[in-house]
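Data block below; observations after.
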Amino acid sequence: MSTNITFHPGSVDAQERVGLLKQTGVTIWLTGLSASGKSTIACALEQHLLHLHKFTYRLDGDNVRLGLNKDLGFDEKSRVENIRRIGEVSKLFADSACIAVTAFISPYKADRQVARELHEKGGLGFIEVFVDAPLSVVEQRDPKGLYKAARAGTIKDFTGISAPYEAPEKPDIHIRTDECDVTMAVEVIIEYLTKHNYIL
């Protein structure tokens, strides 16, 4: 790792960005099992925020693995690095006063905590949203056929089947997608953002 690197500060500070954009940068970190509804909620939330004229951008697990993280597999070491990179990227978005919406399984508590601490260290907001659905429900949904393949042994290290998912103990927002629809989920998140002054 290079050591002869110096951070180059810009001429625009956080207060100026917030004042001009009328919003505070924050990362909304959606975590949950595959097929729990993370990507569906993230897409709807991004659209809703844009219609409110808010600067927002969505980072989705599959999409990021097509580019930035295409060199990573699904073993534990790769999963940890995947989330580390996303934590850093979402922090950059949040620093620009963007509302970054991330949708990643992010199965390990320690990795999600690292992402949170990274934001908090930079004075940036981090909202952990547990997109929760029972294993029986997500297996029934199984839009990509991944659970079926995992049960058959075709896919190794699959979260919830042959690899662990460590559910958040105290998420900032807890959404049960077997009990609410996408519209309700978005409303819950928007109410939280408004209440905590992330959107003005």
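Quick caveat: nothing in here was measured; it's all calculated off a predicted structure. Keep in mind that the numbers below use all heavy atoms, side chains included, and drop hydrogens, waters and symmetry copies. Numbers for residues simply follow the sequence, beginning at 1.
Listed here is the closest heavy atom pair of S90 and T27: O-OG1, 3.3 Å. Closest approach of C98 to F55, counting heavy atoms only: CB-CE2, 3.4 Å. Taking all atoms of both residues into account, the shortest heavy-atom contact from P164 to P107 is O-CB, 3.4 Å.
Between E166 and K109, no side-chain nitrogen of the basic residue sits less than 4.0 Å from a carboxylate oxygen of the acidic one, so the salt-bridge criterion is not met. Comment: R176 engages D178 in a salt bridge, judged by a side-chain N to carboxylate O separation of less than 4.0 angstrom. Comment: K148 does not engage E139 in a salt bridge, judged by the lack of any side-chain N to carboxylate O separation of less than 4.0 angstrom. Between D111 and R116 there is no salt bridge, since none of the side-chain N atoms of the basic residue sits less than 4.0 Å from a carboxylate O of the acidic one.
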Margin query: Apply side chain to side chain donor-acceptor pair (under 3.5 Å) to residues T159 and R79 and explain how you reach the verdict.
Written below: CA-CA 11 Å; T159 304; R79 288 172 185 265; 2.8 Å; yes

Note to self: Apply side-chain contact (heavy atoms from CB on, under 4.5 Å) to residues S162 and K156 and explain how you reach the verdict.
What the structure shows: CA-CA 7 Å; S162 51; K156 307 296 182 185; 5.5 Å; no

Next item on the list: Apply side-chain contact (heavy atoms from CB on, under 4.5 Å) to the pair V129 and I127, showing each step before the final yes or no.
Entry: CA-CA 6 Å; V129 181; I127 302 168; 4.1 Å; yes

Next item on the list: Would you sort out whether E81 and R84 count as a salt bridge (Lys or Arg N to Asp or Glu O under 4.0 Å), showing the intermediate values?
Entry: CA-CA 5 Å; E81 176 60 14; R84 186 196 70 79; 2.8 Å; yes

Margin query: Using the rule given for side chain to side chain donor-acceptor pair (under 3.5 Å), can you reason through W29 versus S106, listing the C-alpha separation, both sets of side-chain angles and the distance that settles it, and then say yes or no?
Written below: CA-CA 9 Å; W29 191 282; S106 46; 3.0 Å; yes

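With a 4.5 Å cut-off on side-chain heavy atoms, N82 and V80 do not count as touching. Residues I86 and N69 have side chains in contact (heavy-atom distance under 4.5 Å, counting atoms from C-beta outward). When side chains are defined from C-beta on, F130 does not count as touching I173, because their heavy atoms never get closer than 4.5 Å. In this structure, R112 and P168 have side chains that are in contact, with non-hydrogen atoms separated by less than 4.5 Å. Two residues are said to be in side-chain contact when any heavy atoms from C-beta on lie closer than 4.5 Å; K54 and K22 meet this criterion. Counting only heavy atoms from C-beta outward, the side chains of I175 and T177 approach each other to under 4.5 Å. A heavy-atom distance below 4.5 Å is not found between the side chains of T31 and I105. Annotation: side chain of V101 is in contact with side chain of L30 (closest heavy-atom distance under 4.5 Å).
At a threshold of 4.5 Å between side-chain heavy atoms, the hydrophobic network of Ile, Leu, Val, Met, Phe, Trp and Tyr places I41 and I28 in one connected group. Hydrophobic clustering (side-chain heavy atoms under 4.5 Å, transitive across Ile, Leu, Val, Met, Phe, Trp, Tyr) groups F158 together with L135. Each of F104 and V114 belongs to its own hydrophobic cluster when Ile, Leu, Val, Met, Phe, Trp and Tyr are linked at side-chain heavy-atom distances under 4.5 angstrom. With hydrophobic clusters built from ILVMFWY side chains whose heavy atoms lie under 4.5 angstrom apart, V26 does not share a cluster with L21.
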Using distance only, find each side-chain donor-acceptor pair of residues 183-200 under 3.5 Å and give its atom names and separation, not counting sequence neighbours.
{"residue": "T194", "atom": "OG1", "partner": "I190", "partner atom": "O", "Å": "2.9"}
{"residue": "H196", "atom": "ND1", "partner": "Y192", "partner atom": "O", "Å": "3.0"}

Throw together a table of side-chain donor-acceptor distances under 3.5 angstrom for residues 32-39, partners on residues two or more places apart or in other chains.
{"residue": "S36", "atom": "OG", "partner": "L33", "partner atom": "O", "Å": "2.7"}
{"residue": "S36", "atom": "OG", "partner": "V131", "partner atom": "O", "Å": "3.4"}
{"residue": "K38", "atom": "NZ", "partner": "G32", "partner atom": "O", "Å": "3.1"}
{"residue": "K38", "atom": "NZ", "partner": "L33", "partner atom": "O", "Å": "2.8"}
{"residue": "S39", "atom": "OG", "partner": "D60", "partner atom": "OD1", "Å": "2.5"}

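Between F93 and Y57, the ring-plane angle classifies as parallel under the 30° and 60° cut-offs.
Remark: L124 engages K91, A94, D95, H119 in a side chain to side chain contact (heavy atoms under 4.5 Å, CB included) (not counting sequence neighbours).
More than 12 heavy atoms of other residues, nucleotides or ligands sit less than 6.0 Å from atom NE2 of H174. Within a 6.0 Å sphere centred on CD of Q15, other residues, nucleotides and ligands contribute 12 heavy atoms or fewer.
The line from CZ of F126 to CD of E117 is 10.0 Å long, rounded to the nearest 0.5 Å. Taken from NE2 in H48 to OG1 in T56, the straight-line distance is 11.0 Å, to the nearest 0.5 Å. Separating the CG atom in L49 from the CD1 atom in I99 is a distance of 5.0 Å, to the nearest 0.5 Å.
Counting only distance, with no hydrogens or angles, the side chain of R65 and the backbone of L72 share a donor-acceptor pair below 3.5 Å.
Here Y108 and Y165 keep their ring centres 6.0 angstrom or further from each other.
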